[in-house]
Amino acid sequence: MKLSPSLLSADFACLHESARTVESVADRFHWDVMDGHFVPNLTFGPSVVNALRRRLDRPFDIHLMIDHPLEYTPQFDVRSDDSIIFHVESDDEPTAVLEAIETASARAGITLRPGTPLERIEPYLDAVSLVLVMSVEPGFGGQAFLPDAIERIRAIHEQIGDRPIEIAVDGGIHAGNVRSVVDAGAEIIIAGSAIFGQPDPIAAAAAIREAAEG
Ligand code: DX5
Ligand code: ZN
């Protein structure tokens, strides 16, 4: 299990400090890039993520909730152990986005909204290192976990077979439900409000890890 705290629920006035606070209990960091079109919310873009990339050591998972991943992918200064994750429902042709991610020398991740049929991502599985299962509607932190995600994780796990693809799960994860998503086959656990919305984010992250692994 790898824990990837989502900074969406952190204080945006001090993203670096918030990430540093939990770095010792984090395996990766999750950055939610939103454009106000693909989802009804705006966050940050390449310039902010790149500035943070220069100041943090852990690998990044960059979750693009934007209409045009093809246009913005080349603007991220990524490392080879970072992931760029795009939505199959975005406006761009997935094969072209996957090529752009390869040109950027990042790991490719694909994701889909909770209501999108899993068949939509099947044609691209041979070209990705990661599948992100959304367990809330993308756009906002702090929403309740959608229980259907468990079955979707299981189904994707089966679809993947022995291909070297990690499954990540994003949305509504906390210490009380993390075990069920890990048991279903998720390897990367993303959590925002269950970490940064808590009075002691380090203890909260440690509790999620313990619940997942214990
Ligand atoms: C939602 C984002 C998530 C969000 C999860 O659109 O993709 O990464 O930060 O937040 P929580 O863990 O609070 O549901
Ligand atoms: Zn996300």
Side-chain angles (χ1 to χ4, degrees), residues 1-12 15 18-19 22 25-46 48-49 52 58-67 69 72-73 76 82-90 106-116 121 128 130-150 152-153 166-182 186-199 201 204-209 211-212:
M1 177 271 202
K2 293 173 190 161
L3 188 59
S4 188
S6 167
L7 277 293
L8 185 62
S9 293
D11 182 347
F12 275 22
L15 285 172
S18 298
V22 299
V25 284
D27 298 294
R28 312 179 62 82
F29 285 120
H30 185 89
W31 304 97
D32 289 304
V33 175
M34 304 185 189
D35 65 356
H37 292 270
F38 185 81
V39 289
N41 195 7
L42 276 169
T43 53
F44 38 71
V48 171
V49 174
L52 291 155
R58 296 278 188 258
F60 281 13
D61 296 316
I62 302 168
H63 180 188
L64 300 179
M65 283 160 275
I66 63 178
D67 280 344
Y72 292 98
T73 289
F76 290 96
D82 294 335
S83 304
I84 296 182
I85 305 162
F86 71 101
H87 274 263
V88 72
E89 309 93 346
S90 76
R107 301 166 80 233
I110 194 163
T111 185
L112 68 180
R113 297 180 188 274
T116 300
I121 63 167
V128 301
L130 183 155
V131 172
L132 177 69
V133 177
M134 289 302 303
S135 39
V136 296
E137 277 300 332
F140 298 93
Q143 303 179 76
F145 180 81
L146 297 170
D148 284 0
I150 299 285
R152 283 164 72 81
I153 293 167
E166 285 181 309
I167 299 176
V169 60
D170 185 13
I173 305 288
H174 52 77
N177 61 14
V178 67
R179 190 61 188 263
S180 62
V181 299
V182 169
E187 168 72 10
I188 299 175
I189 302 300
I190 295 137
S193 54
I195 294 176
F196 294 107
Q198 306 305 313
I208 293 170
R209 184 185 295 284

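One-based numbering, in listed order, for ligands and for the atoms of each. By convention here, the first residue in the shown sequence is residue 1. Values in this document were obtained by computation on a predicted structure and should not be read as measured data.
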Check whether [X] reaches the backbone of [Y] with its side chain - one donor and one acceptor, N or O, closer than 3.5 Å.
X	Y	answer
Asn177	Gly172	yes
Ser6	Gly192	no
Thr43	Asp32	yes
Ser4	Ile190	no
Asp35	Asp67	yes

Distance dump, ligand 1 polar atoms to protein, N/O, under 3.5 Å:
| residue | atom | partner | partner atom | Å |
| --- | --- | --- | --- | --- |
| ligand 1 | 6 (O) | Gly139 | N | 2.7 |
| ligand 1 | 7 (O) | Asp32 | OD1 | 3.0 |
| ligand 1 | 7 (O) | His63 | ND1 | 3.2 |
| ligand 1 | 7 (O) | Asp170 | OD2 | 2.8 |
| ligand 1 | 8 (O) | His30 | NE2 | 3.3 |
| ligand 1 | 8 (O) | Asp32 | OD1 | 3.1 |
| ligand 1 | 8 (O) | Asp32 | OD2 | 2.8 |
| ligand 1 | 8 (O) | Asp170 | OD1 | 2.7 |
| ligand 1 | 8 (O) | Asp170 | OD2 | 3.0 |
| ligand 1 | 9 (O) | Ser6 | OG | 2.7 |
| ligand 1 | 9 (O) | Asp32 | OD2 | 3.1 |
| ligand 1 | 12 (O) | Gly192 | N | 2.8 |
| ligand 1 | 13 (O) | Gly142 | N | 2.8 |
| ligand 1 | 13 (O) | Ser193 | N | 2.9 |
| ligand 1 | 13 (O) | Ser193 | OG | 2.6 |
| ligand 1 | 14 (O) | Gly172 | N | 2.8 |

Q) Should we say atom OH of Tyr72 is surrounded by more than 12 heavy atoms from elsewhere, each under 6.0 Å from it? A) no
Q. By residue and atom, what protein N/O/S atoms are less than 2.8 Å from the Zn ion (ligand 2)?
A. His30 NE2, Asp32 OD1, His63 ND1, Asp170 OD2
Q: Run the numbers on Leu52 and Phe29 for side-chain contact (heavy atoms from CB on, under 4.5 Å), then give the verdict.
A: CA-CA 10 Å; Leu52 291 155; Phe29 285 120; over 6 Å; no
Q: Please step through side-chain contact (heavy atoms from CB on, under 4.5 Å) for the pair Met34 and His63, ending with a clear verdict.
A: CA-CA 8 Å; Met34 304 185 189; His63 180 188; over 6 Å; no
Q: Run the numbers on Phe60 and Phe76 for side-chain contact (heavy atoms from CB on, under 4.5 Å), then give the verdict.
A: CA-CA 11 Å; Phe60 281 13; Phe76 290 96; over 6 Å; no
